[in-house]
Amino acid sequence: MATETTVLDDVVGSDYKWGFTTDVEQETLPKGLDENVVRFISAKKEEPEWMLEWRLKAFRRWQAMKEPTWANVVYPKIDFQDIIYWAAPKPKKELSSLDEVDPELLATFEKLGIPLNEQKVLAGVAVDAVFDSVSVKTTFQKALADKGVIFCPISEAIRTHPELVQKYIGSVVPPTDNYYAALNSAVFSDGSFVYIPKGVRCPMELSTYFRINARNTGQFERTLIIAEEGSYVSYLEGCTAPQRDEHQLHAAVVELVAMADAEIKYSTVQNWYPGDKDGKGGIYNFVTKRGLCEGARSKISWTQVETGSAITWKYPSVILKGESSVGEFYSVAVTNNHQQADTGTKMYHLGRNTRSRIVSKGISAGMSQNSYRGLVNVGRNAVNARNFSQCDSLLIGDTCGAHTFPYLEVSHPSATVEHEATTSKIGEDILFYCNQRGIGTEEAVALIVNGYVRDVINQLPMEFAVEAQKLLAISLEGSVG
Amino acid sequence: MKPILTIDNLRAGIEGREILKGISLTVNAGEVHAIMGPNGSGKSTLASVLAGREDYAVIDGSVRFAEADLLEMSPEDRSREGLFLAFQYPVEIPGVSTANFLKTAVSEHRKHRGLPPLDPGSFLKLMREKMALVEMDPSFLQRSLNEGFSGGEKKRNEVFQMAMLEPKLAVLDETDSGLDIDALRIVADGVNALRSSENAFLVITHYQRLLNYIVPDVVHVLVDGRIVKSGGKELALELEERGYDWIRNESSVGA
């Protein structure tokens with residue numbers, strides 16, 4: 001046993017390669033949260049009155065709410081008055097072109113592998129880069145506008161497309177949905193807004209890159225994607241944060257709306273700082289993501305590769321309202337060292353002939369705990385609803401844990417619901433067997449993990465699938481010996 | 001006579017308990033040696049120590065393999081240098097197809113010899129050819145390694161992998177255990193087809209049965225961590241007839 005632990009330790013203990021900080025002049029609020037903070041953020045964003053009112057209403061509701069405690073995660077109580085709710089790199093002057101973005105920030109994103117110069121970016125990918133509380137730069141806005149696609153920071157959309165934002169914000173995740181959604185509604189700073197007009201197939205992948213930099217600061221991103229009838233969009237988000245000893249809070253809300261025959265493909269590669277080997281520091285990732293299949297035959301597909309964060313609390317969900325609409329959830333969640341993840345999905349079948357598919361692959365290593373929590377709900381009118389769920393757990397070593405909490409609520413007899421689950425372990429025996437065939441331990445882990453996550457990785461846009469695979473390898477580096 | 005494996009006074013154990021108490025033996029190219037012995041005599045420990053399993057500690061002695069110090073090599077390098085262990089209990093690896101597993105293994109072996117990976121066409125052809133040796137259905141290639149395989153299928157898969165990796169020395173650890181007579185014949189035929197003047201086999205078994213099919217040049221009897229008797233193939237028959245007790249008594253008288 002002792003040998004196994006040592007052997008496994010070597011492969012699991014790797015370093016976080018995105019942990020640097022950027023030294024820029026910051027404009028920050030003091031720690032703490034009250035109505036004035038909400039007003040300050042709204043004023044900073046030059047928001048219309050209705051937006052401020054909406055935030056204040058959310059804030060008042062939040063004050064009366066209690067933190068949820070049902071997730072299978074353990075952490076000290078968060079002091080919400082000990083967090084900074086606004087941090088922005090200080091603008092040197094009014095910026096009108098990319099050349100004028102603070103070179104420090106450009107260098108930061110470049111270092112993260114996200115060049116913001118349109119000549120250098122991945123072909124066919126438009127990027128919105130968010131640094132702490134503000135969007136730094138959105139590429140290809142003009143090219144997209146030619147197709148009628150709106151892709152901009154949500155703070156900008158509130159000013160330039162207020163009618164769209166007002167109509168849809170909070171329509172899928174109401175401000176009172178849960179504790180963190182209410183908090184986000186009150187203090188959200190930036191995020192992306194996407195609008196795809198009727199019949200348009202978005203000509204490129206859209207992506208947002210979130211970077212937390214400032215110390216003691218929470219990031220509250222808000223993303224809203226609307227796909228009109230018959231349109232299609234593929235959107236990807238990525239995230240990293242510096243290596244710090246204290247925990248930082250990230251509480252995002254993402255809302256998707258798909259009209260008839262529209263399809264939204266939303267992919268996440270989440271790589272927030274996970275804390276060090278002893279569990280010190282790391283991001284608390286408390287996120288509410290939900291999509292509404294409003295129209296008939298619409299489709300929303302979530303794909304997530306979760307490798308970072310000290311704690312992940314996240315259940316990307318789909319409300320299948322439109323007849324014959326389709327919801328999908330593909331997830332790889334990796335936990336190592338002292339990370340904790342409680343993640344899964346909720347599929348609400350409301351309309352007739354709605355279908356959902358859940359493929360969840362948990363990988364636990366080190367001392368980590370990895371939970372799948374999923375709900376399949378078939379409503380009274382959901383004739384012929386179908387769901388297929390597959391939840392697999394892979395354990396590396398014997399000091400980690402995997403848990404599965406599937407919930408089924410079926411209110412129509414015609415529903416077909418299938419659930420499959422497996423648990424496997426990469427132990428000393430398997431590694432020795434691979435070694436004996438000439439395969440070194442690192443290669444063996446990569447071979448097994450790649451085989452295990454293939455079904456999910458294949459769902460990612462091609463440009464990112466390779467990146468995700470590398471990230472998995474790095475996250476598990478040192479997890480076996 | 002070219003020695004492939006030379007074990008000299010090997011003493012080894014696990015968790016502070018000495019199991020192998022001074023083993024010496026030489027296996028030459030072209031030879032098949034059988035190691036027989038009662039349960040708990042150290043047969044499987046010998047296989048594990050040769051393959052480099054970390055739980056086992058070598059206390060004393062030396063092992064030369066292909067003109068190098070075997071005990072200095074990592075388990076993967078022992079494999080790449082041509083030592084193959086057919087496991088008594090082959091593991092299942094979910095999500096990794098037999099084909100993909102072998103592609104990785106063969107590429108690692110080739111890399112060790114400074115060769116590029118085989119192109120997919122040649123590799124497939126090679127796999128088909130070697131599978132035929134153990135009468136394995138090609139559909140197994142796409143299935144996860146050993147997952148849901150019967151005991152016999154797992155053992156055939158071991159011999160198939162052996163054929164793919166073409167080892168200098170193959171150690172068969174109780175490959176006959178749990179096999180019915182047909183599976184036993186198929187496995188033995190596969191092994192016999194791989195015998196050449198360049199390689200050697202160390203066949204570990206409790207029963208003489210397997211040795212009817214894989215005929216050994218030398219039989220060693222292992223009792224309580226020591227080789228107490230060595231002889232020709234007829235020694236196996238004698239053991240079958242008389243059991244292990246007479247040898248145990250004989251050796252304790254000698255000691």
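Keep in mind that the numbers below use all heavy atoms, side chains included, and drop hydrogens, waters and symmetry copies. All chains are named by letter (A, B, ...) in the order of the sequence lines, taking the proteins before the strands, and each is independently numbered beginning at 1. Owing to the predicted nature of the structure, the values given are computational and were not obtained by experimental measurement.
Both the backbone and the side chain of P90(B) come within contact range of chain A, with heavy atoms under 4.5 Å apart. Contact of R53(B) with chain A is made through backbone and side chain together, with heavy-atom distances under 4.5 Å.
Residue-environment remark: NZ (K130(B)) exceeds the threshold of 12 foreign heavy atoms within 6.0 Å. Residue R11(B) qualifies as enclosed at atom CZ: its count of foreign heavy atoms under 6.0 Å is above 12.
Proximity of S79(B) to Q436(A): side-chain heavy atoms (C-beta onward) are separated by under 4.5 Å at one or more points. D55(B) is listed as a side-chain neighbour of E428(A), based on a closest heavy-atom distance under 4.5 Å. Inter-residue side-chain proximity for C434(A) and I93(B) is flagged as met; some heavy-atom pair is nearer than 4.5 Å. Side-chain atoms of V91(B) and F432(A), non-hydrogen and from C-beta on, never get closer than 4.5 Å to each other. Taking 4.5 Å as the limit, some side-chain heavy atom of Y433(A) sits within range of a side-chain heavy atom of F101(B).
Chain A forms the most heavy-atom pairs under 4.5 Å with one residue out of S107(B), S74(B), P75(B), and that residue is P75(B). Ranked by heavy-atom pairs under 4.5 Å with chain A, the list L102(B), L83(B), L85(B) is led by L85(B).
To the nearest 0.5 Å, atom CD1 of residue I430(A) and atom CD of residue E92(B) are 8.5 Å apart.
Of all non-hydrogen atoms in L447(A) and N100(B), the two that sit nearest each other are CD1-ND2, 3.9 Å.
Remark: side-chain polar atoms of H109(B) are not paired, donor with acceptor, to backbone N or O of I439(A) under 3.5 angstrom. Judged by distance alone, the side chain of R437(A) and the main-chain N or O of A105(B) form no donor-acceptor pair under 3.5 Å.
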